[in-house]
2 protein chains.
Amino acid sequence: MAINDLSKDLAPIASITMADVVEVKLREYLKKKSFLPGDALPKELELAEALGVSRNVLREALSRLRMLGMIETKKKRGMVLARPDILGTFERVLDPLIIDKETLQDIFELRLVLEMGLADLIYVRKTDKDIAELENIAKKEVNLDNSFRIKNEIAFHGKLYEMSGNDTLKRFQIMLLPIFDYVVTLEKKPTRGKINHMDLVQILKTGSKADFKKGMEAHLKPHFDRLK
Amino acid sequence: MAINDLSKDLAPIASITMADVVEVKLREYLKKKSFLPGDALPKELELAEALGVSRNVLREALSRLRMLGMIETKKKRGMVLARPDILGTFERVLDPLIIDKETLQDIFELRLVLEMGLADLIYVRKTDKDIAELENIAKKEVNLDNSFRIKNEIAFHGKLYEMSGNDTLKRFQIMLLPIFDYVVTLEKKPTRGKINHMDLVQILKTGSKADFKKGMEAHLKPHFDRLK
DNA sequence: ACATTTGATATGTCCTACATAAGGGCTTAT
DNA sequence: ATAAGCCCTTATGTAGGACATATCAAATGT
């Protein structure tokens, strides 16, 4: 696996610290003891002593887990295991400016893939109400200037994600939006598929899932045409 | 947006600490100054003083950024901005045991969506060599006992991701695998679509993209049938 | 029985000290 | 004069102690 080789080669750049080790050990500990969310954890001093590190180092590791939402702490009550917000942690590193070009492109493609695969969920869960709302969004965009068109574009596709009935997916899309926009504006051709939003709405109303997939493909074709 | 309401309601469980604030401020600082990977950062003492916090608190915040791979530190050289591994951070919280049931289901669906949308990338980038390798994997599975069949199943679908030519996607799939398995084994019906792996390979050889999408849909149908 | 106060305790924050590694400049040898 | 080797400086890594603060729980008073 080329990926693993790479990470192996690149790993020793920064020497590992005690906090790194403690973080891993804590994670293993939580898993091994099969703690469940809400369970109380030992106190800092006990953990520090058990691990043979200063409270300082331990707290650096705990701080990391706390950031990920894996634990929560209160003044006297101590620490409890919590449910991390898996997307919240992801969001912290999603900045177009610090992501390398290849990964940006990968994420751009990831959104396209999601958008295409969405059809299968949408056709399981779409309701008439959803379609009506979608149509309203599409109708509005007829006479809008450019800045508002972008907002409407986002609203339309966002509604599609919403219609998937999958909250995680919807949030994921919101997070990916800035990256997508960034890549699109890098290449400055205007992108306009042969199928527009109103067409898609019509297909949703009367067409089959296969029709919708074809429509989506046509709608996104300008983006796919950039791939190589 | 119901999601935001929820997170707003749930937020004040854990009181925010200085480290939380400093983490945000540091992130803003890095963005505002538009540092680029490799750029040197001020020393800990300077940052601590500028922020009006102890070196201890600052280090807790730095420890978080270091975990995310946003910064790297060396003994005398100081700190430099680095490129975070966006998926590495994600991986840390992807444990089926601590993710709530709804999110698990969402992730399960996410993988299905990816797998369906993959076709559009595969048909841009597939090569004869890829298809030959895929066929080899499919051939092997004819006479395998159950435990090996699962491994082969993973190999086959993994190869499909690989054929997308998108490393991020491929790694993403690897991370999602445990979750997917977990959900599948929760419901214990054996899942077998009408289209098997060899069928898919044949379609890839001679069929159109639409054919492949149909085939994929039939292959994954048992999974989709569970959705509601 | 209920409300209030008081004390104990675990986390949050700060400070100081020292270890360690690495860069920079200095000396020395060829 | 150049290169090698040494020492000094410096920024991060780790340790330990001290106090603030919030909160639970028990003791107290009505």
Side-chain angles (χ1 to χ4, degrees), chain A residues 10-27 29-30 33 35 37-84, chain B residues 10-27 29-30 33 35 37-84:
Chain A
L10 259 50
I13 283 185
S15 56
I16 61 172
T17 67
M18 290 274 174
D20 296 322
V21 178
V22 170
E23 185 208 329
V24 173
K25 288 212 173 195
L26 281 177
R27 196 177 260 115
Y29 171 72
L30 296 180
K33 291 279 241 170
F35 281 113
D39 289 358
L41 272 52
K43 323 173 232 237
E44 290 184 355
L45 278 173
E46 290 173 7
L47 286 173
E49 197 175 1
L51 289 162
V53 297
S54 72
R55 190 166 159 239
N56 234 327
V57 168
L58 177 78
R59 276 185 65 82
E60 282 189 23
L62 287 177
S63 179
R64 299 178 179 188
L65 300 188
R66 200 156 38 236
M67 173 184 66
L68 299 179
M70 294 182 67
I71 61 175
E72 283 177 0
T73 57
K74 270 177 142 183
K75 274 277 164 88
K76 142 114 181 191
R77 200 180 179 120
M79 297 179 290
V80 294
L81 198 62
R83 290 194 192 286
Chain B
L10 259 51
I13 284 185
S15 58
I16 61 172
T17 67
M18 289 274 174
D20 296 323
V21 179
V22 171
E23 185 208 329
V24 173
K25 288 213 174 196
L26 281 178
R27 198 177 257 115
Y29 171 73
L30 296 180
K33 290 280 240 172
F35 281 113
D39 288 359
L41 271 52
K43 326 175 230 241
E44 289 184 355
L45 278 173
E46 290 174 7
L47 287 173
E49 197 174 0
L51 289 162
V53 297
S54 73
R55 191 167 158 237
N56 232 323
V57 168
L58 177 79
R59 278 185 63 82
E60 281 190 23
L62 287 177
S63 179
R64 299 179 179 188
L65 300 187
R66 199 157 38 237
M67 173 184 64
L68 299 180
M70 293 182 66
I71 60 175
E72 282 176 359
T73 57
K74 272 176 141 181
K75 271 278 163 86
K76 145 111 184 193
R77 196 178 178 127
M79 298 177 290
V80 295
L81 198 62
R83 290 194 193 286

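All of these numbers come straight from a predicted model, not from anything done at the bench. Each chain gets a letter, A, B and so on, in the order the sequences are listed, and its residues count up from 1.
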Check: residues 41-50 of chain A side-chain donor-acceptor pairs under 3.5 Å, at least two apart:
unit_1   : atom_1 : unit_2   : atom_2 : d
Glu44(A) : OE1    : Arg55(A) : NE     : 2.7
Glu44(A) : OE1    : Arg55(A) : NH2    : 3.1
Glu44(A) : OE2    : Arg59(A) : NH1    : 2.7

What is the separation between atom CD on Glu49(B) and atom C1' on dA11(D), rounded to the nearest whole Å? 15 Å
Spacing of Glu46(B) atom CD relative to dT10(D) atom P, expressed in whole Å: 13 Å
Any chance you could measure Leu30(A), atom CG, to Asp39(A), atom CG, to the nearest 0.5 Å? 10.0 Å
CG on Leu62(A) to CE on Met79(A), rounded to 0.5 Å: 5.0 Å
Interface polar pairs with nucleotides 9-13 of chain C, N/O, under 3.5 angstrom:
unit_1  : atom_1 : unit_2   : atom_2 : d
dT9(C)  : O4'    : Lys76(A) : NZ     : 3.2
dA10(C) : OP1    : Lys43(A) : NZ     : 2.6
dA10(C) : O4'    : Lys76(A) : O      : 3.4
dA10(C) : N3     : Lys75(A) : O      : 3.2
dT11(C) : OP2    : Glu44(A) : N      : 3.0
dT11(C) : O4'    : Lys75(A) : O      : 2.8
dG12(C) : OP1    : Thr73(A) : OG1    : 2.8
dG12(C) : OP2    : Arg59(A) : NH1    : 2.7
dG12(C) : OP2    : Arg59(A) : NH2    : 3.3
dG12(C) : N7     : Arg55(A) : NH2    : 2.8
dT13(C) : OP1    : Met18(B) : N      : 2.7
dT13(C) : O4     : Arg55(A) : NH1    : 3.3

Rounding to 0.5 Å, atoms CZ (Arg64(B)) and CD (Glu23(B)) come to a distance of 5.0 Å
Would you please name every residue forming a side chain to side chain contact (heavy atoms under 4.5 Å, CB included) with Lys75(A), sequence neighbours left out? none
